[in-house]
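When reading the values below, keep in mind they use all heavy atoms of this one structure, side chains included, and skip hydrogens, waters and symmetry mates.
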Amino acid sequence: MAKRIQFARTGGSEVLELVDVTPADPASGEVRVRNEAIGLNFIDIYFRTGLYPAPGLPSGLGTEGAGVVDAVGEGVSHLKEGDRVAYAQGPLGAYAEYHVLPAEKVVVLPDSVDAETAAASMLKGLTVQYLLRQTAPLEGGETILWHAAAGGVGSIACQWARALGVKLIGTVSSEEKAKLAKANGAWETIDYTRENVVERVRELTNGEMCDVVYDSVGKDTWITSLDCLKPRSLMVSFGNASGPVEGVNLGILNQKGSLFVTRPSLNGYADSRERLEMMCRDLFDMLGSGKVKVDIGQRFALADAGKAQDALAGRQTTGSTILLP
Ligand SMILES: NC(=O)c1ccc[n+]([C@@H]2O[C@H](COP(=O)([O-])OP(=O)(O)OC[C@H]3O[C@@H](n4cnc5c(N)ncnc54)[C@H](OP(=O)(O)O)[C@@H]3O)[C@@H](O)[C@H]2O)c1
């Protein structure tokens with residue numbers, strides 16, 4: 001038997017239960033991974049609350065982890081038992097001692113990346129990869145606004161932007177988070193709980209405003225974000241920490257300066273083995289070169305997944321959070 005977290009109904013963190021299961025054998029094209037560390041992500045909370053529907057209930061939870069290949073299904077050629085690996089895409093069920101998933105979603109880790117670092121950075125780091133290198137192919141010299149700059153994705157983005165020579169203005173909710181974002185390479189920070197973000201962006205950019213805004217906060221920051229952009233520039237809405245952006249009248253993009261908007265996801269970018277490998281190469285290069293160092297701000301036991309999610313939703317975490325089986 002092995003432990004896993006599952007939920008039989010959507011709701012608060014109390015719906016998460018630690019249960020004993022017999023780990024399934026991998027079917028054709030699948031592998032079973034013995035997790036050494038599991039990544040905690042905001043998307044796990046969206047599934048738990050029902051904002052994103054799970055394919056069925058009861059359901060496992062979590063899509064990110066790292067460990068060792070423990071069993072290999074038929075037809076899998078790029079992985080073998082004992083390989084050190086990581087993954088960041090579905091199916092749900094990574095909050096577990098063992099996770100069975102399609103082998104094409106699993107990559108072998110370079111020696112330089114340990115399991116905890118991988119679990120803390122696969123999903124978040126691949127997200128930063130596509131946001132900075134693909135959604136808007138930044139070359140250096142641009143000014144961008146990044147909300148929640150001291151969070152898991154934000155901490156990696158600050159460092160990656162600095163490495164690219166991009167001026168990242170990061171929003172944060174406290175002085176401590178501002179210091180952290182600055183230490184990670186944010187060019188400037190704005191405390192969006194007490195400062196006027198649009199005015200501060202105007203001052204910092206001498207009235208020019210931003211080339212791209214990256215907004216994962218959603219509902220609370222949507223209009224502010226649009227107001228921080230240069231005419232004809234790009235709004236990237238990639239998350240819902242405060243709730244989803246709904247009911248948008250497209251005319252607002254005209255009013256705010258003929259803006260472009262996109263609502264991307266990791267699965268939409270890492271949608272083939274080739275693309276996943278390309279993005280992982282870029283991420284592992286950044287980690288291996290030390291240009292991006294993964295800050296694991298919190299570690300929780302797997303059994304305390306609910307507490308970990310409450311801390312993330314309650315804005316009490318900084319950097320990445322991992323669960324340890
Ligand atoms: N589309 C994609 O491909 C993709 C992939 C990965 C992550 N994401 C999104 O990126 C965001 C960051 O994910 P993460 O796992 O790294 O989380 P995180 O940034 O570590 O945590 C979320 C942060 O959002 C800020 N926040 C603002 N308003 C909030 C509210 N009402 N409730 C809770 N938090 C609020 C908080 O920072 P402050 O206290 O500083 O405000 C909080 O620490 C999430 O929205 C997630 O869904 C999207």
Side-chain angles (χ1 to χ4, degrees), residues 1-7 16-41 43-44 47-48 54-55 58-126 152 266-267 270 273 276-277 280 283-284 287-288 294 296 298-309 320-325:
M1 297 295 258
K3 304 279 183 207
R4 85 156 182 166
I5 295 283
Q6 67 175 35
F7 61 113
L16 300 183
E17 327 170 85
L18 184 69
V19 295
D20 285 313
V21 291
T22 306
D25 289 327
S28 173
E30 292 183 334
V31 291
R32 188 170 65 208
V33 178
R34 179 171 53 76
N35 282 332
E36 292 177 346
I38 298 152
L40 185 82
N41 291 286
I43 193 171
D44 310 339
F47 279 111
R48 189 204 73 214
S59 171
L61 193 57
T63 55
E64 181 181 35
V68 174
V69 173
D70 164 74
V72 181
E74 269 176 44
V76 174
S77 54
H78 72 286
L79 295 172
K80 59 181 184 325
E81 263 184 59
D83 281 347
R84 295 176 58 250
V85 295
Y87 54 88
Q89 295 172 283
L92 299 181
Y95 285 16
E97 288 176 338
Y98 292 87
H99 187 36
V100 176
L101 74 166
E104 62 171 11
K105 305 290 186 199
V106 178
V107 296
V108 174
L109 286 174
D111 291 343
S112 57
V113 180
D114 62 52
E116 289 201 358
T117 301
S121 66
M122 269 293 278
L123 194 151
K124 298 170 187 75
L126 291 176
L266 176 58
N267 286 342
R273 183 71 199 171
L276 175 64
E277 283 177 359
C280 284
L283 172 61
F284 294 151
L287 297 176
V294 179
I296 304 178
Q298 304 70 214
R299 290 175 174 78
F300 287 85
L302 174 62
D304 291 330
K307 279 190 204 158
Q309 289 197 345
S320 296
T321 304
I322 55 171
L323 305 175
L324 298 173

Does [X] use its side chain to pair, donor to acceptor, with the backbone of [Y] at less than 3.5 Å?
X	Y	value
D114	E116	yes
H99	V33	no
T117	V113	no
R32	A71	no
E97	P325	no

Write down the atom of [X], the atom of [Y], and the distance for their closest heavy-atom approach.
X	Y	result
A120	I296	CB-CG1, 3.8 Å
S112	G288	OG-CA, 4.4 Å
A88	L123	O-CD1, 3.4 Å
E64	L40	OE1-N, 4.4 Å
H78	D83	O-OD2, 4.2 Å
I322	A37	CD1-CB, 4.4 Å

Handout entry: Side-chain heavy atoms of C280 within contact of L126, under 4.5 Å
Key =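 Answer yes - side chains close enough.
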Problem - Heavy-atom side-chain contact between L92 and T63 under 4.5 Å - result: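 Answer yes - side chains close enough.
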Handout entry: Verdict with reasoning, N41 to K124, per side-chain contact (heavy atoms from CB on, under 4.5 Å)
Key = CA-CA 8 Å; N41 291 286; K124 298 170 187 75; 2.9 Å; yes
Please round to the nearest 0.5 Å and tell me the distance separating atom [atom1] of [X] and atom [atom2] of [Y].
X	Y	atom1	atom2	result
Q89	E104	CD	CD	8.5 Å
L18	L302	CG	CG	6.0 Å
Y95	S59	OH	OG	11.5 Å
N35	Y87	CG	OH	3.5 Å
L16	D304	CG	CG	11.0 Å
M1	Y98	CE	OH	13.0 Å

Handout entry: D20, CG atom: more than 12 neighbouring heavy atoms under 6.0 Å
Key =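 Result for CG/D20: enclosed.
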Exercise for the section: Only counting residues at least two apart or in another chain, list the ones meeting ring pair (Phe, Tyr, Trp, His ring centres under 6.0 Å) with F7. Expected result: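 Ring pair (Phe, Tyr, Trp, His ring centres under 6.0 Å) check on F7 returns nothing, list empty.
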Handout entry: F47: ring pair (Phe, Tyr, Trp, His ring centres under 6.0 Å) partners, not counting sequence neighbours
Key =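 Here the qualifying residues are Y52.
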Exercise for the section: Please step through side-chain hydrogen bond (donor to acceptor under 3.5 Å, both in side chains) for the pair E74 and S28, ending with a clear verdict. Expected result: CA-CA 4 Å; E74 269 176 44; S28 173; 5.1 Å; no
Exercise for the section: Start with the C-alpha distance between D44 and Q309, add both sets of side-chain angles, then the distance that settles side-chain hydrogen bond (donor to acceptor under 3.5 Å, both in side chains), and finish with yes or no. Expected result: CA-CA 8 Å; D44 310 339; Q309 289 197 345; 4.8 Å; no
Handout entry: NZ/NE/NH1/NH2 to OD/OE distance under 4.0 Å, R84 and E36
Key =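 E36 and R84: not salt-bridged.
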